[in-house]
Amino acid sequence: MKYDPQDIEPRWQAHWAQQRTFAAPNPGDDGFDDAKPRFYVLDMFPYPSGVGLHVGHPVGYIATDIAARYQRMRGYNVLHPMGFDAFGLPAEQYAVETGVHPRETTRRNIDNMVGQLKRLGLGYDWDRRFSTTDTDYYKWTQWIFLQLYNSWFDPWRDAARPIDELEQLLEAGDLDVGFDGELIDPGAMSGFEPIAGNAPGTRRWQELAPDQQRRLIDEYRLAYLAEVDVNWCPALGTVLANEEVTADGRSERGNHPVHQRPLRQWMLRITAYAERLIDDLDIVDWPEPIKLMQRNWIGRSEGAHVEFPLDAPTPGDEPDAVGVFTTRPDTLFGATYMVLAPEHPLVRVITTAVQRQAVDRYVRDADRRSELERQNEARDKTGVFTGAHAVNPVNDDRIPIWIADYVMMGYGTGAIMAVPAHDHRDFDFARKFGLPIRAVVEPTDDWLRDHRADLPEDAPDALRSAYHADAGRFDEAYTGPGRNVNSANDEISLDGETTDDAKRSITDWLHRKGLGEGQTQYKLRDWLFSRQRYWGEPFPILHGPDGEIVALDESDLAVELPEMTDFAPEPTDDPNAPPRPPLARAPESWRIVERDGVRYERELNTMPQWAGSCWYYLRFCDPHNTERFVSEQAEQYWMAGAMSNEDDDHGRTSRNWLEPAPSGGVDLYVGGVEHAVLHLLYARFWHKVLYDLGHVSTPEPFGRLFNQGYIQAYCYRDARGIVVPADEVVDQDGKPAMDVQDQPNRRFSHNGQPVTQEYGKMGKSLKNAVNPDDIGARFGTDTLRLYLMYMGPLEASKPWNTRDIVGVHRFLNRVWRNLVDEDTGDTLVTDDHPSADLERNVHRTIQRVTRQMESLGFNVAIAAMIELNNELVAMDRVPRLAAETLVRLLAPFAPHLAEELWQRLGHAPSVADADWPDYDETMLVEERIELPVQVNGKLRGRITVPADADDDAIEAAARGDAKVADELVGKTVRKVIVVKGKLINIVAQ
RNA sequence: GCCGGUGUGGCGGAAUUGGCAGACGCGACGGAUUCAAAAUCCGUUGGGGCUAAACACCCCGUGUGGGUUCGACUCCCACCACCGGCACCA
């Protein structure tokens with residue numbers, strides 16, 4: 001009776017399925033135990049691709065499975081579900097090529113993938129499985145869209161509210177409307193000083209025409225239609241995400257030209273949440289690098305808005321000042337020119353007749369190049385003078401206004417004040433066009449010396465006066481902090497102030513003078529939410545004959561995708577023709593909705609793939625609910641986290657990933673880093689809206705996040721640089737390359753042709769994917785699981801080495817042979833009491849493994865189990881304590897083998913329900929311990945002393961050691977350091 | 001360019017967070033078992049020196065160079081290499 005995973009594994013998988021071992025009851029369900037603590041552990045659910053999984057994919061799934069099984073054994077109610085994010089391009093592309101409906105492809109791929117996941121022995125609650133493409137699911141995705149559409153963001157409360165309440169506030173006069181459409185709280189008007197150039201004043205809601213009222217309301221919705229610049233690919237007939245456009249402005253698929261064009265698209269007002277999305281990163285327990293990536297992506301900058309009056313009058317309603325945002329208001333006295341983005345609306349207003357031709361040409365050129373192109377071009381500065389001037393409000397200097405494409409319309413006001421002395425970009429530009437460079441911040445002496453260019457002086461004072469006279473003689477801009485100089489007018493002087501103080505002083509002054517005010521800017525843009533695709537969620541929106549937008553009622557949901565056979569996007573050669581999404585060809589019975597005799601057309605775009613993944617973690621709490629997207633009870637139960645107000649973990653060096661999340665939300669969310677700023681940001685945004693509207697109970701969706709590393713693998717290229725299949729490569733002895741990769745002096749070949757070895761992420765494109773089913777067939781799934789966890793730390797990327805698998809396979813074999821007689825099949829267990837040494841080791845192993853579980857240090861936990869098992873090898877019969885402990889420790893990692901042994905040890909299934917073993921602290925102490933002895937920090941000997949020996953006794957024992965005594969001959973002992981239980985160090989001269 | 005991460009034997013990695021560097025596994029070498037092989041079991045395995053050999057002993061060693069400390073893979077400073085993110089964001 002040898003260890004035979006091919007027999008054991010399918011049997012226990014069938015057992016778990018029949019017994020519904022991993023089904024998690026909700027509060028109120030049969031079998032629900034309210035006394036237990038709860039834990040929600042979740043994987044980033046996959047897109048069900050046609051090629052199936054390779055061994056890199058399930059690393060995270062196996063890790064969460066181990067965590068979930070461990071938590072169950074520790075007595076938690078564990079929610080551990082799996083589903084599929086199945087809308088998206090690949091199924092649609094496949095449909096275009098083959099005519100097979102995406103629904104069919106998706107169903108097939110999901111079935112295939114579920115089979116693979118089950119063969120990995122993953123203990124999911126499969127009763128909760130769904131796909132984002134299920135009508136029952138996307139009905140609620142549409143419902144959440146309606147929540148967004150029917151809400152506005154109240155800046156005073158810093159939260160979303162129902163849109164009706166905005167109308168009520170305006171109706172009641174609690175809010176007025178500014179001339180730019182901004183909302184104004186009349187109660188807060190006192191002390192308001194209008195910024196120069198803006199027409200002050202407000203209008204009452206009642207003064208607006210009904211049409212104006214409707215448009216105003218629409219402008220405040222969290223989901224809104226707007227004309228935005230998109231990447232439009234005429235040949236493919238669709239907009240593309242930035243990620244789908246290559247650096248040279250062509251489509252990744254098909255290499256067709258792509259250009260920017262304005263299109264009316266659905267947008268989501270994620271920018272309203274910029275501040276909360278940054279601030280609340282402080283309450284979640286995520287890896288710092290991921291938090292940082294989100295912070296950088298959202299891009300908060302503190303600074304000031306400053307108005308620069310134009311020096312010549314402008315016609316009609318046109319503004320007579322240029323507003324800029326700056327993070328360095330302290331350098332305002334050094335602003336020697338201004339730059340507008342080429343698209344800035346003021347350009348056509350202020351350009352003088354003399355400059356018009358040059359400006360027009362520049363604007364046209366800039367327009368033709370996509371934003372992407374502009375960003376990727378060499379940083380050589382270009383620009384044109386408009387002929388117009390503005391006035392620097394602090395010193396009344398008349399400064400020229402240029403246009404240049406290094407200023408982006410999409411950030412701030414699309415215009416900047418240029419301070420060439422203290423900004424690299426402005427410095428380059430000023431140098432190139434001969435604009436003045438005025439120093440207003442004092443650099444350090446070192447900086448002056450390092451950047452003096454060809455100045456002969458080297459005395460600090462001489463350099464300093466040269467810098468004050470003309471900062472352009474130095475070789476770059478000084479962008480660091482320092483004390484201000486040259487910064488005074490009749491009313492205010494910043495001279496001598498530090499950068500931080502100067503920022504505050506000048507901002508106060510600007511505010512008092514009505515010239516500007518402190519401002520916070522974000523890089524984050526609103527989220528473009530329309531796609532010209534078939535395989536996505538339809539919008540619950542109708543368009544009326546006069547262009548009015550009608551949102552459907554909840555009772556109209558779901559808006560199902562119409563049956564179609566042709567999913568191809570419509571190519572168009574006319575860059576100005578409006579795109580016709582595939583749904584434009586849907587049957588009229590779907591497309592047209594008649595209400596009260598009026599013909600409405602459905603919105604023909606669909607939602608982007610991210611929509612479904614923005615809330616799936618909520619649906620898992622209550623996946624079959626037909627009344628709500630999730631019941632309040634289920635949501636409050638599973639998403640509660642620890643919700644403690646306990647102190648943060650300052651000073652804690654290693655975290656416990658398996659405690660309920662302090663902020664609430666999913667307790668442990670595991671996935672790759674690639675979603676750091678996309679899915680993870682979008683989902684947080686949706687969650688916060690649902691939170692504001694009272695639909696969920698926690699401010700954050702994912703309390704704890706863990707990023708697992710990638711599996712890498714060698715790949716091979718032939719002489720032409722073409723990748724060849726890695727499993728066909730052999731070395732000079734004809735051995736498969738995969739078995740000898742790291743042995744020195746190997747030469748590899750493919751079909752007799754020499755190939756070179758490289759290293760990269762495992763996947764289809766490098767032809768180095770390893771199928772988990774193949775490894776399972778050779779070694780068993782338990783071995784594969786164990787190997788993937790044993791390779792190294794979970795968060796690290798690490799190389800796949802087929803050769804190494806035998807190590808853990810031998811371990812499992814040895815466990816089997818230690819406990820089962822291979823001839824008779826009897827268990828080799830004795831009820832005799834274990835030796836004191838073995839007993840202590842059992843307890844020590846429990847301690848080591850348990851500690852490693854908390855830090856997800858599975859590789860080290862496995863090493864501890866191997867050590868314990870190695871001790872059992874020499875025994876004829878293993879004491880029951882050791883056997884049962886080992887089996888239970890192993891259960892989360894190699895669940896099939898553990899189930900089999902647990903049963904053979906005389907227990908009823910399932911070991912998944914067994915208790916995690918406890919260890920006894922008192923069992924861990926040894927009577928005598930060995931201590932290393934150092935002399936002057938170098939190891940010179942070892943002593944064995946009673947564990948409770950005091951410092952003097954230890955020192956005496958150390959001096960008694962022959963080698964130590966030798967070392968000390970002729971030396972005077974200066975100091976003796978005894979570290980309890982660790983070592984003793986004697987300092988002598 | 002800016003930001004972040006990682007550097008430990010032939011390979012994957014460990015080190016109770018400032019206390020015996022290299023746990024555990026792979027590979028390699030030697031041996032046992034076997035007609036033989038596979039499988040299994042036992043032993044050795046960071047580099048160098050000394051030694052006929054073993055034991056013992058000595059020196060060096062965690063990317064590089066400095067520093068703090070009785071003591072540094074761990075802390076500080078400077079640098080190098082690789083990986084990742086952002087990239088004219090004012």
Side-chain angles (χ1 to χ4, degrees), chain A residues 2 287-293 295-297 299 301 303 324-328 331 339 374-377 379-381 404-408 410-419 422-426 428-429 521-525 653-654 673-674 676-677 710 712 739-745 786-787 790-793 795-808 810-811 813-814 817 822 847-848 851 857 859-867 870 873-874 930-939 941-942 963 974-988:
Chain A
K2 289 194 186 287
E288 275 311 315
I290 299 291
K291 288 189 183 184
L292 203 62
M293 278 165 75
R295 284 195 191 100
N296 291 341
W297 185 264
S301 296
V324 303
F325 171 74
T326 175
T327 55
R328 294 294 301 272
T331 63
V339 186
R374 266 161 66 176
Q375 283 170 6
N376 281 292
E377 271 167 10
R379 259 145 235 233
D380 220 15
K381 295 282 184 290
D405 63 7
Y406 81 92
V407 174
M408 308 286 145
Y411 183 77
T413 62
I416 61 157
M417 67 176 210
V419 185
H422 304 295
D423 180 280
H424 288 304
R425 296 150 299 182
D426 299 345
D428 294 347
F429 193 83
Q521 272 291 334
Y522 297 91
K523 276 198 274 187
L524 189 67
R525 296 297 137 75
T653 47
S654 69
V673 273
E674 66 271 19
V677 290
Y710 296 114
Q712 300 173 298
D739 292 343
V740 294
Q741 277 143 350
D742 289 316
Q743 292 174 28
N745 305 321
L786 217 55
Y787 172 63
Y790 188 59
M791 292 170 77
E795 66 275 18
S797 290
K798 44 217 174 244
W800 174 264
N801 245 324
T802 304
R803 194 190 61 192
D804 288 348
I805 296 175
V806 288
V808 284
R810 282 176 192 153
F811 163 55
N813 256 305
R814 227 170 281 157
R817 283 200 315 270
E822 290 196 290
Q847 184 198 41
R848 287 170 72 188
R851 281 192 182 160
N859 54 330
V860 191
I862 294 168
M865 290 187 261
I866 292 176
E867 284 185 64
N870 284 347
V873 166
E930 196 184 63
L931 283 188
V933 183
Q934 295 182 344
V935 178
N936 293 330
K938 295 203 177 192
L939 183 67
R942 276 165 216 291
K963 271 170 282 176
R974 305 278 178 205
K975 197 173 175 185
V976 176
I977 292 136
V978 177
V979 185
K980 269 274 184 298
K982 296 277 191 213
L983 100 183
I984 166 168
N985 188 14
I986 301 172
V987 186

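Per chain, numbering begins at 1; letters A, B, ... match sequence-line order.
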| task | Describe, in one word, how the ring planes of F429(A) and Y406(A) are oriented to each other, choosing from parallel (under 30°), tilted (30 to 60°) and perpendicular (over 60°). | result | tilted
[X] side chain near [N] phosphate (N/O to OP1/OP2, under 4.0 Å):
X       : N      : value
R803(A) : G10(B) : no
S797(A) : C83(B) : no
R817(A) : C41(B) : yes
K975(A) : C70(B) : yes
N985(A) : G19(B) : no
R810(A) : C26(B) : yes
N870(A) : G25(B) : yes

| query | RNA chain B in dot-bracket, Watson-Crick or G-U pairs under 3.5 Å, [ ] crossing, | other strand? | reply | (((((((..(((......[....)))((((((.......))))))((((.......))))..(((((..]....))))))))))))....
Nucleotide N/O to protein N/O under 3.5 Å, stretch nucleotides 56-60 of chain B:
{"residue": "C57(B)", "atom": "OP1", "partner": "K963(A)", "partner atom": "NZ", "Å": "3.2"}
{"residue": "C60(B)", "atom": "OP2", "partner": "K938(A)", "partner atom": "NZ", "Å": "3.4"}

| What nucleotide among C11(B), A90(B), G19(B) has an atom nearest to a side-chain atom of Y411(A)? | A90(B)
| request: Measure from the side-chain heavy atoms of P793(A) and tell me the nearest of G25(B), C70(B), G13(B). | output: G13(B)
| Would you say the side chain of I805(A) lies within less than 4.5 Å of the side chain of W800(A), judging by non-hydrogen atoms? | yes
